Amino acid sequence: MSGERPARVLVAATGGVAAMKTPFLLRRLREAGYQVRAMASARALAFTSENALAVAAGSAVATEESWFVADGAALHLELARWADLLVVAPASAASLARAAAGLAEDLLTAVISAGAPRVLWAPAMNPEMWNYPATQANVARLRGWGQDFVGPEFGALASVTEGSGLGRMSEPETIVEHVRYHLSQKDLRGYTVLVSAGPTREYFDPVRFISNPSSGKMGYALAEAARDRGAKVILVSGPTSLRQPWGVETVRVERAEEMHQAITSRYQEVDAVVMAAAVADWRPAETASEKSAKKKGPQTVELLPTPDILAELGRRKKSQVLVGFAMETVDGLERAREKLRRKNLDFICLNFPTRTGSAFGGDSNEVEIIFPSGATISSGRVSKRAVADKIWSLVRERLTGREKEER
Ligand code: C5P
């Protein structure tokens, strides 16, 4: 977000049935802390209503009618100056064509040509229209001017008889992610970071394993936050049900040994590692190649320790910033301090699995961040994304501190 005030997003709907999702997008943006205003073309209002947009935005909607009321104001100039980012959602083929031709004959293209600072298009149209050479040429032209696109995506299309195809508008949540990317300060640009996420699975046989309830959400939030701040991100992920984040190199693994291999092979090229993965500490000594038959009575399984990836990174550490997580049900602080020392970390984030709203599965978390000096900071109970941003700010301080020392 820019400076003191919340960043301002102007959302413009153009003609298309996806305009019925524009009020949801406005709502999601407000929930994410942005100040929003809505704008709608005459054709958009055939698919959504001025009322729905105004309620979702919390302010009056700019329309073709309101543009030229005789109040002496130049609405297109005012909007272009107000916005930090213009999002066109849905963007019709016609609106792309008008913008690529540099027309300023409707409110949207007038705002763009009046100098809207950045433009993000979320196209929605039938696949034939999207693939039409003129549309593709218009997209290329707008990209060439530094404008950006989210979607369209492959999926079910408006008309049930059309089935699916490439032309569906990205979901509001995805558009919000792209907005966040555009409005984030790029204070990690030039750095490469590695994040591990999710659980590992240690197999007894092809269909049975030891694991834990890690959802991967904390690690994915870390990867997305670093991407938004301009870092090159490598995400090494155990099995999760989360969508692969865009703009992040994701390496999928299952077993701790695979995670170990994936991480250590990239260690030389990264500036920082945040190990948010819940790596299983033990693996079965033997993995049967076929599913074992059920036997009566108790079974004994021999378990061997898995490699401690983070401890190895700590031993091999050169200038990398290393961050670990700890999850304890008793003696949390004491045990986390011991891990911080033993694994040679820059800091460690202690989770409280027994507190509500913390750690496993949810969208919020509360961590105690512990430093080698003995100092601690509590994040308070906030979103996993906010915890992630706090962690990257601390990593960044250490990265820039090291650069100063080297000079
Ligand atoms: O020792 P403990 O498992 O509690 O340490 C937690 C930290 O160490 C986490 O950051 C976790 O990702 C990492 N870890 C690891 N390899 C293991 C076990 C844990 O890198 N085998």
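Atoms within a ligand are numbered from 1 in the order they appear, just like the ligands themselves. Note that the structure is a prediction, hence the values are computed from the model and not measured.
Taking D106 as the reference, R98, T109 meet the side chain to side chain donor-acceptor pair (under 3.5 Å) condition, with sequence neighbours excluded. Listed by chain and residue number, E338 satisfy the side chain to side chain donor-acceptor pair (under 3.5 Å) test with R342 (two or more places apart in sequence, or in another chain).
Close N/O approach between I309 and ligand 1 is found [any backbone or side-chain N/O within under 3.5 Å]. Residue K339 places at least one N or O, backbone or side chain, under 3.5 Å from an N or O of ligand 1. Residue-to-ligand polar distances place L310 within reach of ligand 1: an N/O pair is separated by less than 3.5 Å.
The shortest heavy-atom contact between A13 and A44 is O-CB, 3.4 Å. The shortest heavy-atom contact between R28 and V176 is CB-CG2, 3.6 Å. Here the closest non-hydrogen pair linking H178 and L120 is CB-CD2, 3.9 Å.
Here the heavy atom of the protein found nearest to atom 11 (C) of ligand 1 is A277 O, 3.5 Å. For atom 5 (O) of ligand 1, the closest heavy atom belonging to the protein is K343 NZ, 3.0 Å. Protein heavy atom nearest atom 6 (C) of ligand 1, with residue, atom name and distance: F325 O, 2.9 Å. The protein heavy-atom contact nearest to atom 18 (C) of ligand 1 is D281 OD1, 3.5 Å.
Short contacts between ligand 1 and P307, defined as distances under 4.0 Å to a heavy atom of the residue, involve ligand atoms 16 (N), 17 (C), 21 (N). Proximity to G324 (heavy-atom distance under 4.0 Å) selects the following atoms of ligand 1: 10 (O). Atoms of ligand 1 lying under 4.0 Å from at least one heavy atom of T306, given by number and element, are 21 (N). Proximity to M275 (heavy-atom distance under 4.0 Å) selects the following atoms of ligand 1: 9 (C), 10 (O), 12 (O), 15 (C), 20 (O).
In the displayed structure, W282 atom CH2 is contacted under 6.0 Å by at most 12 heavy atoms of other residues, nucleotides or ligands.
Relative to the ring axis of Y181, K186 places its NZ or CZ within 45° and under 6.0 Å from the centre.
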